[in-house]
*Asks:* 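Here you go, one structure.
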Amino acid sequence: MSPPAEDLTERFDPIECLDERIRSRAAAERPLAPGRYLEVQGAERSLTIPLGDEVLHIGRGLSADVRLDENSVSRRHAILLPRPAAPRILDDRSSNGTLVNGRRVTQADLSDGDVILIGRVPLRYLEV
(Lines give C-alpha, C1' and ligand atoms only; values in the text may rest on other atoms or scores of the structure.)
Protein backbone atom coordinates (compact mmCIF):
# COMPACT_ATOMS: atom_id res chain seq x y z
CA MET A 1 0.00 0.00 0.00
CA SER A 2 1.47 3.37 -1.00
CA PRO A 3 1.43 6.34 1.38
CA PRO A 4 -1.09 9.15 0.81
CA ALA A 5 0.11 11.96 -1.45
CA GLU A 6 0.05 14.45 1.43
CA ASP A 7 2.79 12.47 3.19
CA LEU A 8 5.01 12.91 0.13
CA THR A 9 4.60 16.68 0.00
CA GLU A 10 7.23 18.66 1.85
CA ARG A 11 5.73 21.12 4.29
CA PHE A 12 7.09 24.58 3.59
CA ASP A 13 6.75 27.59 5.90
CA PRO A 14 8.12 30.79 4.29
CA ILE A 15 8.50 32.46 7.70
CA GLU A 16 11.07 29.85 8.67
CA CYS A 17 13.20 31.02 5.72
CA LEU A 18 13.46 34.55 7.10
CA ASP A 19 16.65 35.60 8.80
CA GLU A 20 16.22 36.10 12.56
CA ARG A 21 16.98 39.84 12.39
CA ILE A 22 14.16 40.30 9.86
CA ARG A 23 11.77 38.18 11.93
CA SER A 24 12.50 40.33 14.97
CA ARG A 25 11.86 43.52 12.94
CA ALA A 26 8.62 42.21 11.43
CA ALA A 27 5.21 42.76 12.99
CA ALA A 28 2.68 40.02 13.56
CA GLU A 29 -0.19 42.22 14.69
CA ARG A 30 -2.69 44.28 12.73
CA PRO A 31 -3.77 46.99 12.06
CA LEU A 32 -0.56 48.39 10.69
CA ALA A 33 0.60 51.98 10.78
CA PRO A 34 0.35 53.78 7.42
CA GLY A 35 3.24 52.79 5.18
CA ARG A 36 4.58 50.16 2.80
CA TYR A 37 5.22 46.55 3.79
CA LEU A 38 6.19 43.10 2.56
CA GLU A 39 3.99 40.38 4.03
CA VAL A 40 5.21 36.82 4.49
CA GLN A 41 2.41 34.31 5.04
CA GLY A 42 3.39 31.27 7.01
CA ALA A 43 1.51 28.13 7.96
CA GLU A 44 0.37 29.50 11.33
CA ARG A 45 0.86 33.26 11.08
CA SER A 46 1.79 36.18 8.85
CA LEU A 47 4.57 38.70 9.37
CA THR A 48 4.83 42.15 7.85
CA ILE A 49 8.20 43.71 7.16
CA PRO A 50 8.15 47.51 7.12
CA LEU A 51 9.77 49.09 4.08
CA GLY A 52 11.75 52.27 4.51
CA ASP A 53 13.30 54.68 2.05
CA GLU A 54 16.39 52.53 1.45
CA VAL A 55 17.10 50.17 -1.42
CA LEU A 56 16.38 46.62 -0.22
CA HIS A 57 18.42 43.63 -1.43
CA ILE A 58 16.57 40.30 -1.24
CA GLY A 59 18.40 36.99 -1.43
CA ARG A 60 20.05 34.04 0.27
CA GLY A 61 23.46 35.71 0.70
CA LEU A 62 24.66 36.98 4.04
CA SER A 63 24.74 40.57 2.77
CA ALA A 64 21.04 40.60 1.78
CA ASP A 65 18.79 43.04 3.66
CA VAL A 66 15.95 40.50 3.51
CA ARG A 67 17.73 37.17 3.81
CA LEU A 68 15.74 34.10 2.77
CA ASP A 69 17.46 30.86 3.71
CA GLU A 70 15.93 28.72 0.95
CA ASN A 71 17.78 26.84 -1.80
CA SER A 72 15.49 28.16 -4.56
CA VAL A 73 16.54 31.74 -3.70
CA SER A 74 19.72 33.09 -5.30
CA ARG A 75 22.36 34.76 -3.14
CA ARG A 76 21.50 38.02 -4.89
CA HIS A 77 17.96 37.47 -6.09
CA ALA A 78 16.10 40.79 -6.31
CA ILE A 79 16.32 44.48 -5.48
CA LEU A 80 13.41 46.57 -4.23
CA LEU A 81 13.73 50.26 -5.12
CA PRO A 82 11.61 52.68 -3.09
CA ARG A 83 10.07 55.38 -5.27
CA PRO A 84 7.44 58.00 -4.45
CA ALA A 85 4.85 56.78 -6.96
CA ALA A 86 5.37 53.02 -6.64
CA PRO A 87 8.28 50.84 -5.56
CA ARG A 88 9.98 48.83 -8.29
CA ILE A 89 11.24 45.25 -8.00
CA LEU A 90 14.26 44.28 -10.13
CA ASP A 91 15.46 40.75 -10.73
CA ASP A 92 19.17 40.63 -9.84
CA ARG A 93 20.07 37.98 -12.47
CA SER A 94 18.67 35.23 -10.26
CA SER A 95 18.71 31.58 -11.30
CA ASN A 96 14.99 30.95 -10.79
CA GLY A 97 13.74 34.41 -11.72
CA THR A 98 11.47 36.86 -9.97
CA LEU A 99 7.73 36.60 -10.54
CA VAL A 100 5.10 39.26 -9.89
CA ASN A 101 1.53 37.98 -9.90
CA GLY A 102 2.67 34.82 -11.69
CA ARG A 103 4.62 36.57 -14.48
CA ARG A 104 8.39 36.43 -14.71
CA VAL A 105 9.81 39.96 -14.71
CA THR A 106 13.16 41.69 -15.02
CA GLN A 107 11.58 44.75 -13.42
CA ALA A 108 8.07 45.76 -12.39
CA ASP A 109 6.33 48.55 -10.53
CA LEU A 110 4.41 47.23 -7.54
CA SER A 111 0.81 47.91 -6.53
CA ASP A 112 -0.97 47.10 -3.29
CA GLY A 113 -1.63 43.35 -3.08
CA ASP A 114 0.93 42.24 -5.68
CA VAL A 115 2.48 38.85 -4.96
CA ILE A 116 6.23 38.60 -5.55
CA LEU A 117 7.68 35.11 -5.82
CA ILE A 118 11.36 34.91 -4.85
CA GLY A 119 12.38 31.34 -5.60
CA ARG A 120 9.53 29.52 -3.90
CA VAL A 121 9.01 32.15 -1.20
CA PRO A 122 5.90 34.31 -1.78
CA LEU A 123 5.93 37.92 -0.53
CA ARG A 124 2.90 40.20 -0.76
CA TYR A 125 3.43 43.93 -1.23
CA LEU A 126 1.07 46.00 0.95
CA GLU A 127 0.28 49.70 1.18
CA VAL A 128 -1.59 50.85 4.26
Side-chain angles (χ1 to χ4, degrees):
M1 183 172 170
S2 61
E6 64 191 42
D7 290 340
L8 298 176
T9 305
E10 176 187 357
R11 300 207 191 297
F12 175 70
D13 187 351
I15 290 177
E16 295 302 316
C17 298
L18 286 173
D19 184 80
E20 184 57 40
R21 68 193 157 113
I22 294 296
R23 269 191 258 167
S24 65
R25 199 176 101 193
E29 67 277 345
R30 295 218 181 217
L32 300 168
R36 294 174 169 174
Y37 299 87
L38 284 179
E39 180 183 54
V40 183
Q41 294 180 338
E44 302 288 325
R45 61 188 173 139
S46 294
L47 292 179
T48 50
I49 303 164
L51 301 176
D53 295 331
E54 309 85 34
V55 172
L56 205 65
H57 296 269
I58 304 169
R60 189 170 36 92
L62 294 175
S63 65
D65 301 309
V66 175
R67 186 166 177 269
L68 301 170
D69 190 15
E70 163 53 35
N71 289 336
S72 63
V73 176
S74 295
R75 285 182 184 85
R76 295 175 47 184
H77 199 105
I79 301 168
L80 187 66
L81 300 174
R83 300 178 334 146
R88 178 171 287 172
I89 189 90
L90 307 171
D91 184 71
D92 199 8
R93 298 171 300 192
S94 65
S95 299
N96 292 321
T98 300
L99 282 73
V100 175
N101 298 326
R103 292 185 53 224
R104 191 173 182 145
V105 299
T106 55
Q107 62 180 345
D109 291 338
L110 298 175
S111 299
D112 185 38
D114 283 348
V115 176
I116 307 158
L117 195 61
I118 305 292
R120 65 181 199 155
V121 179
L123 306 171
R124 182 179 305 275
Y125 172 69
L126 299 175
E127 290 180 5
V128 178

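Keep in mind that this is a model prediction, so the values were computed, not measured. Computed over heavy atoms, backbone and side chain alike; hydrogens, waters and symmetry mates excluded.
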*Asks:* Shared ILVMFWY cluster between V105 and L110, side chains joined below 4.5 angstrom?
*Replies:*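 Hydrophobic grouping puts V105 with L110.
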*Asks:* Return yes when atom CD of E20 has more than 12 non-hydrogen atoms of other residues, nucleotides or ligands closer than 6.0 Å, and no otherwise.
*Replies:* yes
*Asks:* Might you confirm whether atom CZ of R93 has over 12 heavy atoms from other residues, nucleotides or ligands at distances under 6.0 Å?
*Replies:*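 No, because the 6.0 Å sphere around CZ of R93 holds 12 heavy atoms or fewer from other groups.
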*Asks:* Is there a side-chain contact between I116 and P122, using heavy atoms and a 4.5 Å cut-off?
*Replies:*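 No, side chains not in contact.
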*Asks:* For residues E54 and L56, determine if any side-chain heavy atom of one lies less than 4.5 Å from a side-chain heavy atom of the other.
*Replies:*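 SC-SC contact between E54 and L56 ruled out.
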*Asks:* For P82 and G52, which heavy atoms make the closest approach, and how far apart are they?
*Replies:* CB-O, 3.9 Å
*Asks:* Tell me, do L68 and L18 make a side-chain contact under 4.5 Å, heavy atoms counted?
*Replies:*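 Of all side-chain heavy-atom pairs linking L18 with L68, at least one is under 4.5 Å.
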*Asks:* Could you grab the distance from atom CZ of R124 to atom CD of Q41, nearest 0.5 Å is fine?
*Replies:*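 Reported value, rounded in 0.5 Å steps: 5.0 Å.
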*Asks:* Is any side-chain N of the basic residue among R83 and D109 closer than 4.0 Å to the acidic one's carboxylate O?
*Replies:*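 Salt bridge between R83 and D109, a charged N being under 4.0 Å from a carboxylate O: yes.
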*Asks:* To check you understand the geometry: which heavy-atom pair defines the closest contact between P87 and E127, and what is its length?
*Replies:*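 Answer, listing the atom of P87 first, then E127: CD-OE2, 4.4 Å.
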*Asks:* Looking at every non-hydrogen atom in both residues, tell me the closest pair between R60 and V73 and how far apart they are.
*Replies:*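 Nearest heavy atoms, R60 then V73: NE-O, 2.7 Å.
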*Asks:* Please round to the nearest 0.5 Å and tell me the distance separating atom CG of L117 and atom OG1 of T98.
*Replies:*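 The CG atom of L117 sits 8.5 Å away from the OG1 atom of T98.
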*Asks:* If I compare all heavy atoms of E39 with all of S46, which pair ends up nearest, and what's the gap?
*Replies:*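 Taking E39 first and S46 second, the nearest heavy atoms are OE2-CB, 3.9 Å.
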*Asks:* With rounding to the nearest 0.5 Å, note down the distance linking CG in L90 to CG in L81.
*Replies:*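 Atom-to-atom, L90:CG and L81:CG are 4.5 Å apart.
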*Asks:* Would L99 and L123 show up in the same hydrophobic cluster when neighbours are defined by side-chain heavy atoms closer than 4.5 Å?
*Replies:*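 As far as the 4.5 Å side-chain criterion goes, L123 and L99 are not connected within one cluster.
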*Asks:* Take a 6.0 Å sphere around CZ of R88 and say whether it holds more than 12 heavy atoms from other residues, nucleotides or ligands.
*Replies:*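 Yes - once you tally the heavy atoms of other residues, nucleotides and ligands closer than 6.0 Å, there are more than 12.
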*Asks:* Hey, are the side chains of I58 and I89 touching, using non-hydrogen atoms and a 4.5 Å cut-off?
*Replies:*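 Side-chain contact under 4.5 Å: yes.
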*Asks:* Considering all heavy atoms of both residues, which atom of S95 and which atom of S74 are nearest to each other, and what is their separation?
*Replies:*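 Heavy-atom minimum between the residues: N-OG, 2.9 Å.
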*Asks:* Could you measure the distance from the CD atom of E44 to the CG atom of D13? Nearest 0.5 Å is fine.
*Replies:*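 Here the interatomic distance stands at 8.0 Å.
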*Asks:* Group every Ile, Leu, Val, Met, Phe, Trp and Tyr by side-chain heavy-atom contacts under 4.5 Å, then state whether Y125 and I49 land in the same group.
*Replies:*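 Yes, it is one cluster - the side chains of Y125 and I49 are joined through contacts under 4.5 Å.
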*Asks:* Quick one: do D92 and H77 satisfy side-chain contact (heavy atoms from CB on, under 4.5 Å)? Show the steps, please.
*Replies:* CA-CA 5 Å; D92 199 8; H77 199 105; 5.8 Å; no
*Asks:* Report the distance from atom OG of S63 to atom CZ of R76, rounding to the nearest 0.5 Å.
*Replies:* 7.5 Å
*Asks:* I want to check something: taking the side chain as every heavy atom from C-beta on, are D69 and D19 in contact at a cut-off of under 4.5 Å?
*Replies:*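 SC-SC contact between D69 and D19 ruled out.
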*Asks:* Going hydrophobic residue to hydrophobic residue with side-chain gaps under 4.5 angstrom, can you get from L126 over to V115?
*Replies:*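 Each belongs to a different hydrophobic cluster.
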*Asks:* Supply the atom-to-atom distance D114 CG to L38 CG, rounded to the nearest 0.5 angstrom.
*Replies:* 11.0 Å
*Asks:* Please find the pair of heavy atoms, one from G61 and one from R67, that lie closest to each other, and give the distance.
*Replies:*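 Residues G61 and R67, closest heavy atoms: O-CD, 3.5 Å.
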